[in-house]
There are 2 protein chains.
Amino acid sequence: MKGAVPRLVAELPTLPPEEMRDGTAGRILATGLLLFARNGYHGTSIRDIGEELGLKPANLYDHFRSKEHLLAELVRIGHAEHLRAMQAAVVRADGPIAQLQALVRAHVRIHAEYAMLATVATSEMHALSPELVAPALALRRQAEALLREVVARGVAAGVFDPPHAWVATAAIGGMGIRVSFWFPGDQGLTIDQVADLHAELALRMMTPRPGAR
Amino acid sequence: MKGAVPRLVAELPTLPPEEMRDGTAGRILATGLLLFARNGYHGTSIRDIGEELGLKPANLYDHFRSKEHLLAELVRIGHAEHLRAMQAAVVRADGPIAQLQALVRAHVRIHAEYAMLATVATSEMHALSPELVAPALALRRQAEALLREVVARGVAAGVFDPPHAWVATAAIGGMGIRVSFWFPGDQGLTIDQVADLHAELALRMMTPRPGAR
DNA sequence: GTCTATATGTTGATAGAC
DNA sequence: GTCTATCAACATATAGAC
């Protein structure tokens, strides 16, 4: 038996419109996302995916070269969408404070709006072989660099004063990643509210407490 | 192929001394931990575990009732050790500030020192059936309650002013959970340093920025 | 405690008809 | 595009000898 405690709260396999495909390929993509998010890559068989769609296992191979290629495509889409949102965020903002706010909002928004995609992209990428994971990995490094650079600029400008820039950046990334598991939760929070709250928390991390040694 | 990008940086399947077992059972426990942490529960076969130990698959069933029971034991141990550390932390500290510091330190310490155990406990618990996950789930709820109560007490006392108590608590939990994936990292940080840094970040989350609306 | 041997089901993937 | 049929490998688990 599997799935006693759900891995994530989200129930819909939302995909970015610009990455969605027509017809059966698109339905396989969405169903693979749903099942990989719930049960993991190794916990999902191509038969599971087929049954969910009323298809036979063999049909999958008319649209994707292998089960691993299906996962690779989802992982790539997730990282591409994440980087796209992060890049758009920095461009639109001026100065370290506004840029950090924008980056954290974008980071959290992606993890809330595309909770399943984000879960699969980060939690299942380790199931991929070196060749198939490479594109996503390159995108991931760029997104991380974006966040590190904004923090570094803020520190250099004397606007940010984190106790440790690298750890603070990891913490900001980590709390955002976690959102994809609990959102929407039972607090009645919208995506924008969660994004704004995390942006505020991130800014506080950059600001010394009065009276702290 | 699997494991192109490692799921976590830690390489040793450390178990709490008081939960360790003698002889073959203990070696199976440690090896199960190692492989479940690296490749996931569904990505690991009992043959993989046997081969790593120079044993035949059948031997596992002399020590554990099933593969799932082996995972359940690891998940239970992880959550038990986590709660134990959290409880010891609150007891030793006085007042919301010291208690939050102590809790976050304990939370992060567990995720750094027992990185594989923490990874398996949180990332693989969803593979367990309702009966087998129940004990760990109960422990998890207690640990979460501990953190929420300390934050609530700090807010009630006027010492903490988070933008949103529930989200801030989730964020503190999330950044700690992430530590088990990247620690020890390449920054040359000790467990104590990472723990202290996260405690400081958590306290900052509770403290309004000067001039913020 | 560990072994051999095996039962029984499921896996990812392919070939070829319609 | 979808189907049936099938393969070879692998899965978890058990029985019983040493």
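Below, chains carry the letters A, B, ... as their sequence lines are ordered, and counting in each starts from 1.
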Represent DNA chain C in dot-bracket notation, 5' to 3'. Only Watson-Crick or G-U wobble pairs with both distances under 3.5 Å count; pseudoknot-style crossings use [ ] and interstrand partners use |. |||||||.||||||||||

For [X], salt bridge (charged side-chain N to carboxylate O under 4.0 Å, His left out) partners two or more places apart:
X	value
Glu81(A)	Arg84(A)
Arg21(B)	Glu73(B)
Arg178(A)	none
Glu113(B)	Arg109(B)

[X] [atom1] to [N] [atom2]: how many Å, rounded?
X	N	atom1	atom2	value
Asp48(B)	dT12(D)	CG	P	8 Å
His42(A)	dT10(C)	NE2	C1'	16 Å
Ile49(A)	dG12(C)	CD1	C1'	11 Å
His69(B)	dT12(D)	NE2	P	15 Å
Ile46(B)	dT8(C)	CD1	C1'	14 Å
Ile28(A)	dG12(C)	CD1	P	14 Å
Leu55(A)	dT4(D)	CG	C1'	14 Å
Arg21(A)	dG1(D)	CZ	C1'	16 Å

OP1, OP2 of dT2(C) versus side-chain N and O of Thr24(B): anything below 4.0 Å?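 The answer is yes; a side-chain N or O of Thr24(B) sits under 4.0 Å from OP1 or OP2.
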
Compare side-chain N and O positions of Ser45(A) against OP1 and OP2 of dT10(C) and report whether any pair is under 4.0 Å apart.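 So the side-chain polar atoms of Ser45(A) never come under 4.0 Å of the phosphate oxygens OP1 or OP2 of dT10(C).
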
By ring pair (Phe, Tyr, Trp, His ring centres under 6.0 Å), which residues pair with Tyr41(A), not counting sequence neighbours?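 Partners of Tyr41(A) by the ring pair (Phe, Tyr, Trp, His ring centres under 6.0 Å) criterion, ordered by chain and then number, come out as Phe36(A).
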
Non-neighbouring partners of His82(B) that pass ring pair (Phe, Tyr, Trp, His ring centres under 6.0 Å), sequence neighbours left out: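 Per chain and number, His82(B) pairs via ring pair (Phe, Tyr, Trp, His ring centres under 6.0 Å) with His107(B), His111(B).
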
Between residues 58-66 of chain A and DNA chain C, which residues have a heavy-atom gap below 4.0 Å?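 Result for residues 58-66 of chain A: Ala58(A), Tyr61(A), Ser66(A), sorted by number.
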
Where each residue is assigned the nucleotide of DNA chain C containing its nearest heavy atom, which of Arg27(B) and Arg47(B) is assigned the position nearer the 5′ end?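 That would be Arg27(B).
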
Below 4.5 Å, heavy atoms only, C-beta onward: do Met205(B) and Met205(A) meet side chain to side chain?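 Of all side-chain heavy-atom pairs linking Met205(A) with Met205(B), at least one is under 4.5 Å.
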
Touch check for Lys56(A), heavy atoms < 4.0 angstrom, all strands: base, sugar-phosphate only, or nothing?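 Here Lys56(A) touches the bases of the nucleic acid.
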
Strictly below 4.0 Å, N to O, side chains only: are Glu124(A) and Arg7(A) in salt-bridge contact?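 Judged by the 4.0 Å cut-off on N to carboxylate O distance, Glu124(A) and Arg7(A) do form a salt bridge.
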
All pairs passing side chain to side chain donor-acceptor pair (under 3.5 Å) where residues 50-63 of chain A contributes a residue, at least two apart: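 Found none.
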
